[in-house]
Protein chains: 2
Amino acid sequence: MSEQGPEPGPELEIVHLLRKVTVEFGLRQAEFAALHHMHSTDVRALICLLDAGRAGTDATAGWLGAQLGLNSAGTTAVIDRLERLGHLTRTRDPRDRRRVLLAVDERAVELGWAFFGPLIENIVAVLRDFDEQETAAVRRFLLAAHRAVTAIP
Amino acid sequence: MSEQGPEPGPELEIVHLLRKVTVEFGLRQAEFAALHHMHSTDVRALICLLDAGRAGTDATAGWLGAQLGLNSAGTTAVIDRLERLGHLTRTRDPRDRRRVLLAVDERAVELGWAFFGPLIENIVAVLRDFDEQETAAVRRFLLAAHRAVTAIP
DNA sequence: TCTATTGTCTCGCTGAGCGAGATAATATTC
DNA sequence: GAATATTATCTCGCTCAGCGAGACAATAGA
């Protein structure tokens, strides 16, 4: 296997490390899904909805489908599954009665925290030991990584 | 949406940032898959195989299935698809003729670099501007995140 | 040699997600 | 204000990824 691309230096090692983290995180997500009789897509949907709540966006079915990259049929299926499990409530938007507003059930949020909370706490704990400059470096790196990975060339 | 778990501080912001990076990275992977008539699993498989090559592990069908969390039938299907696309070669291991060794085609590696290379280069470029301590902080953070996300409680 | 055990593959099935189109509510045009 | 276009969601039928069960071949152990 001849090494392609840039020479393997300390920078590349960090990129590989970042990739490993993303891979493992995906696996934990899949475990959480299986544990609660869901699929990865369902978990991703819940995360999107929680983000929307945090950002004050109102989450409609169509919006969710766009976030997940699903078409309308697939989106309906995801919502059906989550509703059947009681993790979600459909409400018709009274202002525009075509739209369906989605609300995550409180219990689903608790399930998420029970699973991911300790994991997040671990990372947060590490960060608390970082001084100002180190935290800044991490933030700068992640912002750059996000920009690099979001760029549409 | 009442904020659960730890109070939202600068540490949590970084965790969210990390999660965003992982999500976007997954989307890029899916784009790459679609672009080359593959599925996410197929791309994950190729990545596993490349990692195995880098680490000197010989990649058999069973090993790959374990990495991907697929059963033997699903694993055979992945390998069939990749072989049909010419990204992979099956070889019976002469030492143990039950085993099938998998080798990634050079052209598939090139496709990967064409897509992910620029993205990786961007991140590497940012890291080159970091001084010793900043790089160390990023590495320490990622190692901790990896440990936190790999831990089996 | 005869019997486990291991590694891969085949078959049939379930179900996630797609395309096409139905339905209902809102916006626009005359 | 009726007629038409657009938007948001859902229904139906289909394809194909991945699963369980089991077949088959090669190796390991008695």
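Computed from heavy atoms alone, side chains included, the values below leave out hydrogens, waters and symmetry copies. Since we're looking at a predicted model, the values are computed, not measured. A, B, ... follow the sequence lines: proteins, then strands. Residue 1 opens every chain.
Closest contact between the side chain of T41(A) and the listed nucleotides dG22(D), dC10(D), dG17(C) involves dG17(C). Taking every side-chain heavy atom of L70(A) into account, dC18(C) is the closest of dA24(C), dC11(C), dC18(C). Candidate nucleotides dT9(D), dA16(C), dA25(C) were compared by shortest atom distance to the side chain of H39(A), and dA16(C) ranks first. Across dT8(C), dT27(D), dA20(C), the shortest atom-to-atom separation from the side chain of D96(B) is found for dT27(D). For R81(B), the listed nucleotide lying nearest its side chain is dA17(D); candidates were dA17(D), dC10(D), dC9(C).
For R97(A) and dT26(C), the shortest distance from a side-chain N or O to OP1 or OP2 is not below 4.0 Å. In terms of phosphate contacts, R90(B) brings no side-chain nitrogen or oxygen within less than 4.0 Å of OP1 or OP2 of dT8(C).
Between A137(A) and V138(B), the shortest heavy-atom contact is O-CG2, 4.0 Å.
Within the nucleic acid shown, A73(A) comes within 4.0 Å of at least one base atom, counting heavy atoms only. Using a 4.0 Å heavy-atom distance criterion, G69(A) is classed as a sugar-phosphate-only contact.
Here the P atom of nucleotide dA16(C) and the CD1 atom of I79(A) are 14 Å apart, to the nearest Å. Between N71(A) atom CG and dG13(D) atom P there is a gap of 17 Å when expressed in whole angstrom units. Between the CG atom of L64(A) and the P atom of dC10(D) there is a distance of 11 Å, rounded to whole Å. Taking atom CG of residue L82(A) and atom P of nucleotide dT9(D), one finds them 15 Å apart after rounding to whole Å. Atoms NE2 (H37(B)) and C1' (dA17(D)) sit 17 Å apart, rounded to a whole Å. Atom pair R92(B):CZ and dT27(D):C1' shows a separation of 13 Å (rounding to whole Å applied). For the pair L68(A) CG and dC18(C) C1', the interatomic distance rounds to 15 Å; values are reported in whole Å.
Checked for salt-bridge contact, E24(B) and R28(B) meet the test: a charged N lies under 4.0 Å from a carboxylate O. Note on D129(B) versus R140(A): no salt bridge recorded, every NZ/NE/NH1/NH2 to OD/OE distance being 4.0 Å or above.
Here CZ of R99(A) is found 5.5 Å from OG1 of T60(A). Values are rounded to the nearest 0.5 Å.
Listed by first and then second residue, the ring pair (Phe, Tyr, Trp, His ring centres under 6.0 Å) pairs involving residues 29-83 of chain B are F32(B)-H36(B), F32(B)-F115(B), F32(B)-F116(B) (not counting sequence neighbours).
Ranked by how close their nearest DNA chain C nucleotide is to the 5' end, D93(A) and V100(B) are led by V100(B). Where D80(A) and R99(A) meet DNA chain D, the nucleotide closest to each residue was compared, and R99(A) sits on the side nearer the 5' end.
With hydrogens and angles ignored, no donor-acceptor pair under 3.5 angstrom links the side chain of R98(B) to the base of dT8(C).
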